[in-house]
Structures are given as C-alpha cells and as structure tokens.
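A note on names: the letters A, B, ... follow the listed sequences, proteins ahead of strands, and every chain is numbered from 1. Since this is a predicted model, take the numbers as computed values, not measurements.
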Amino acid sequence: MKIKYELLKTDNNCKARHGIIYTNHGSFHTPMFMPVGTLANVKTLTPEMLKDISSAIILSNTYHLWLRPGEDIVNKAGGLHKFMNYDGPILTDSGGFQVFSLAKNKKKDITEEGVKFKSHIDGTNLLLTPEKSIEIQNKLDSDIAMSFDECPPASASYDYLKNSLERTLRWAKRGKDAFNNDNQSLFGIVQGGPYEDLRKYSATETVKLDFDGYSIGGVANDGESKEDMYKAVDYSIPYLPTDKPRYLMGVGEPIDIIEGVIRGIDMFDCVLPTRIARHGVAFTKYGKLHLRNAKFKEDFTPLQEECDCYTCNHYTKAYIRHLLVCNESLAGTLLSIHNIRFLIKLTEDLREAIDNNKVLEFKEEFIKNYRN
RNA sequence: GGGAAGGUAGCGAAGUGGUUAAACGCGGCAGACUGUAAAUCUGCUCCUUCGGGUUCAUUGGUUCGAAUCCAAUCCUUCCCA
C-alpha cells in the first residue's frame with residue numbers, strides 16, 4: 001500500500017502541524033527528523049540503537065546502492081529492509097544530489113535524457129536518468145522513493161533555475177510513468193531557489209502530477225543564506241496539498257528544523273547529526289560542543305544533563321573526549337546516538353508545542369538558550 | 001681497550017656552506033561540516049611588547065655568511081676484544 005498522511009492538529013499561530021504517516025513498516029508522528037543511512041546503514045549505529053532513541057524512519061541512497069552492492073543484490077536479499085535488518089520505514093533519495101556534484105561540466109553533462117558523470121569509485125562513465133533512478137528504487141523496495149530532480153547550487157541564476165525546474169518537472173513525469181511498485185510511494189520535488197514565482201510554479205505543476213508526498217529541494221546548499229532557505233519554504237508550502245506530507249530535504253540545523261516546522265514542514269533529513277558526531281561535535285540545547293577541546297579533559301558530566309539518551313545516561317564528556325583523542329570509533333557511535341536523539345527529541349517537543357499552540361514560544365525559548 | 005655510526009624544535013625524521021625559524025609525519029591547539037565521494041577537511045603549533053629576539057648536544061675555530069666545514073668535550077647506539 002501507499003503511505004497515508006493524517007493531520008492531527010495545526011498550531012493556531014503558524015503553519016506548524018502535527019500528523020501521522022502510516023507506512024507498510026509502521027507509522028510515525030510528524031514533524032519527524034530522519035537520520036541518513038546512505039550506504040544502507042546509519043554510520044556507526046545498529047538498527048537497535050536507532051529504535052532505542054525513537055528514530056522512526058531513515059534515509060538511504062539510490063546512487064550509492066546502485067554502485068555498491070547493486071540494486072539487484074539488494075533485491076535478491078529481499079529488499080532493503082531485509083538486507084540491512086531494519087524493519088522500520090525507509091526513504092530512498094534519488095541520487096540526484098550525488099550525481100550533480102559528480103557531473104563536471106554542468107552544461108554538457110546535464111541533458112534532457114539524464115546526467116552523465118563518472119563513478120566516484122572507479123571513474124566509469126555513467127548515466128543516471130529519471131527512469132533508471134526509479135527502477136533502482138523500485139528494486140530497493142524502500143517505503144518512499146524520491147523523484148530524480150536537479151539540485152542546483154545556491155549560486156544558480158534565476159534563468160538557470162527556471163530551465164532546471166522545467167526539466168525537473170519533465171523528469172518527475174517520466175519517473176512517475178516508469179514507476180512500478182505497488183508497495184512503494186513516490187514523492188515529487190519542488191525547486192526554484194529563493195524566487196516566489198518559480199517556487200509557486202514548480203509546486204503547482206508538481207502537485208498536478210499527483211505524488212504521494214512533496215518535498216522542497218535545492219535548499220541548504222553551498223552557502224545559501226537562511227533567509228533564502230526560509231523563503232524557498234514560504235513560497236512553496238501554500239501550493240502543496242494539506243493531506244500529503246511535506247519534506248524539507250537536507251535540513252538540518254536545529255534552528256532550521258524549528259523554522260521549517262513553523263512553516264508547515266513534516267519531515268526533515270540531514271547528515272549533520274551523524275557527521276559532526278564522527279567529527280567530535282555534540283548538539284545541546286545550549287549550542288554545539290566540540291568534545292575534542294582541552295576544556296573537557298576533566299569534565300565528568302554528561303553531554304547534556306536533561307538528555308534521556310543512552311550516551312548521556314552512561315558516559316561523561318571527559319570519557320568521550322578521551323575516545324575522540326584516541327580515534328576510537330565508539331566516540332562516533334556515542335555522539336551519533338546523542339545527536340540523533342537530540343533532533344528527534346526536538347521534533348517530539350515541537351509536536352507537543354503544536355498540540356498546545358505554542359510553537360512560536362518554543363522557538364523563542366530555544367533561541368534564548370542556543371548559542372553558535 | 002679498539003672500531004663504526006650518530007646527536008636537528010614535545011617526539012620521529014629531512015636538510016649537509018647562503019632564497020632555512022629549519023621539509024614531512026606524529027603529538028598538541030582551534031575551526032568547518034545542512035537530500036554523506038566526509039571516522040573527513042582547514043588553520044595554528046621556538047619566544048615576542050610583532051619592531052624583533054634566540055635556535056639544530058656543548059665549547060672554541062674557519063668563513064662575508066654555518067644546523068651544514070674543522071677541533072676538543074660530553075652523551076647515544078652497534079661491532080670487536
């Protein structure tokens with residue numbers, strides 16, 4: 001079956017909404033943060049660890065699984081869930097984001113047919129098309145597949161964005177026509193940079209194609225300002241149906257999740273919590289902590305006093321710093337547990353705030369505490 | 001007792017007459033990271049009142065100029081007795 005979105009409550013003072021998404025692998029409340037598991041694993045964590053921190057749905061990646069191990073192997077294994085021993089919902093990204101960063105000559109390599117690029121593993125010349133991306137995702141058998149879109153850089157001009165978004169629309173249609181998996185849902189992606197007319201057009205036309213959910217793409221790219229990111233959301237949301245989930249791709253920072261929720265976003269994904277974890281950084285309500293810093297040498301307190309995660313319940317900053325300094329991979333695991341829990345708890349708190357019409361107050365309170 | 005090699009910044013290690021305060025690695029310090037080509041990448045790491053000052057075991061010498069050449073001394077490692 002396709003996923004289903006049920007709206008439970010909207011905040012009276014903004015567009016924030018609390019809902020539930022039902023999938024073949026269980027349901028979860030939204031807004032929700034989704035950890036990223038590009039290569040069919042959330043780096044350094046087991047599925048059990050994810051369940052333990054109430055992680056409800058994870059991402060994986062079409063491009064990476066296409067190259068290794070190959071979608072047919074995943075399919076033979078019984079699909080992505082069985083292959084990676086994860087029985088919760090999985091969303092696969094289309095590979096567009098990867099492929100565009102690998103395409104050397106944007107003008108020449110991005111054609112109507114698809115995107116030409118070289119494999120980052122062995123340099124093989126490859127072509128990824130909307131049909132191919134969907135075919136791979138159908139075989140991976142994730143719960144939610146993403147349309148193959150172009151994710152232009154923040155620096156792209158209005159004219160470039162306009163042409164690019166038109167092509168993304170054509171690709172969305174082609175992908176939808178090629179789609180062939182009754183147990184999987186497909187999301188369309190709205191592009192258009194920070195421009196109101198482009199976002200409106202992209203959203204309206206994408207919705208006409210009738211997807212199971214809609215995402216807002218092209219944000220949080222190379223140095224895009226937060227204002228532009230919020231504009232992209234503001235200009236897209238009004239044209240999206242209220243009975244389908246909305247997903248802000250690639251976000252991210254705690255404050256951006258809050259701003260996204262206020263604007264009506266239901267789903268977020270980001271590599272940040274797991275990446276900065278491996279790099280020794282922890283989210284806290286007071287800001288980010290660089291655990292390698294010498295000042296934590298003798299700090300025998302948890303990352304954050306009130307945190308309910310496994311890491312905070314059992315380990316100190318001094319110990320995690322020690323692991324980091326010694327390059328022990330457990331540091332990445334412990335910090336990933338904490339950071340993902342931090343963002344998921346953030347969405348839990350936001351849902352409670354929505355139920356009480358207090359999302360805007362929640363944001364003010366959060367900003368007051370959060371530094372850097 | 002005889003012979004050989006060697007002593008370079010916190011450590012390891014290049015350099016063997018001048019553009020060398022001295023490569024590089026480690027360690028240390030700080031930073032970046034937003035649909036993961038990222039357990040990665042970047043910067044700093046003798047002292048400084050930012051003008052400069054003091055360095056390559058120690059002392060003395062050669063030279064316009066030495067970590068680099070010479071002498072003595074003190075250490076270290078290895079080989080033979």
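As judged by a 4.0 angstrom heavy-atom cut-off over every strand, A:K226 is placed among the base-contacting residues. Nucleic acid contact class of A:V281 (heavy atoms, under 4.0 Å, all strands): base.
For B:C29, the OP1/OP2 oxygens have a side-chain nitrogen or oxygen of A:R321 closer than 4.0 Å. Close to B:A32, at under 4.0 Å from its OP1 or OP2, lies a side-chain N or O of A:H290. For B:U34, the OP1/OP2 oxygens have a side-chain nitrogen or oxygen of A:R275 closer than 4.0 Å. At B:G35, none of the side-chain N or O atoms of A:Q98 fall inside 4.0 Å of OP1 or OP2 (strictly under the cut-off). Here A:N293 reaches the OP1 or OP2 of B:A30: one of its side-chain N or O atoms lies under 4.0 Å away. Between A:N41 and the phosphate of B:U36, there is no side-chain N or O to OP1/OP2 separation shorter than 4.0 Å.
In this model, no side-chain donor or acceptor of A:N61 finds a partner on the base of B:G35 within 3.5 Å.
Between B:U34, B:A39, B:A37, one nucleotide has an atom nearer to the side chain of A:H64 than all others, and that is B:A37. The listed nucleotides are B:U34, B:A37, B:U36; the one nearest the side chain of A:A220 is B:U34. Taking the side chain of A:D256 as heavy atoms from C-beta on, and the options B:U34, B:U36, B:C33, the nearest nucleotide is B:U34. The nucleotide whose nearest atom lies closest to any side-chain atom of A:H279 is, among B:U34, B:A32, B:G35, B:A32. Comparing B:U34, B:G27, B:C33 by their nearest atom to the side chain of A:N327 picks out B:G27. Nearest nucleotide to the side chain of A:M249, out of B:U36, B:U34, B:G35: B:G35. Taking the side chain of A:H120 as heavy atoms from C-beta on, and the options B:U34, B:A37, B:A30, the nearest nucleotide is B:A37. The listed nucleotides are B:U34, B:A38, B:G35; the one nearest the side chain of A:F97 is B:G35.
No side-chain heavy atom of A:D299 sits under 4.5 Å from any side-chain heavy atom of A:R321. Contact check for A:W171 versus A:S147: no side-chain heavy atoms found under the 4.5 Å cut-off.
Across the C1' atoms, B:U48 and B:U54 are found 11 Å apart, a figure rounded to whole Å. Nucleotides B:U58 and B:U49 place their C1' atoms 32 Å apart, quoted to the nearest Å. The P atoms of B:U8 and B:C69 are separated by 15 Å, rounded to the nearest whole Å. Remark: the separation of the C1' atoms in B:A71 and B:U19 is 31 Å, to the nearest Å. Comparing B:C74 with B:G60, their C1' atoms are spaced 15 Å from each other, to the whole Å. B:G17 sits 33 Å from B:C79 when the C1' atoms are compared, rounded to a whole Å. Atom name C1', nucleotides B:A57 and B:C50: the rounded distance is 31 Å, in whole Å.
Ring pair A:Y63/A:F117 is perpendicular by interplanar angle, where above 60° counts as perpendicular and below 30° as parallel.
More than 90° away from 0 lies the glycosidic angle of B:G31, which makes this nucleotide anti.
Other residues, nucleotides and ligands contribute only 12 or fewer heavy atoms inside 6.0 Å of the NE2 atom of A:H322.
The hydrophobic clustering, which links ILVMFWY residues whose side-chain heavy atoms are closer than 4.5 Å, places A:L128 and A:F97 apart.
Not counting sequence neighbours, the partners of A:E298 by the side chain to side chain contact (heavy atoms under 4.5 Å, CB included) test are A:F300.
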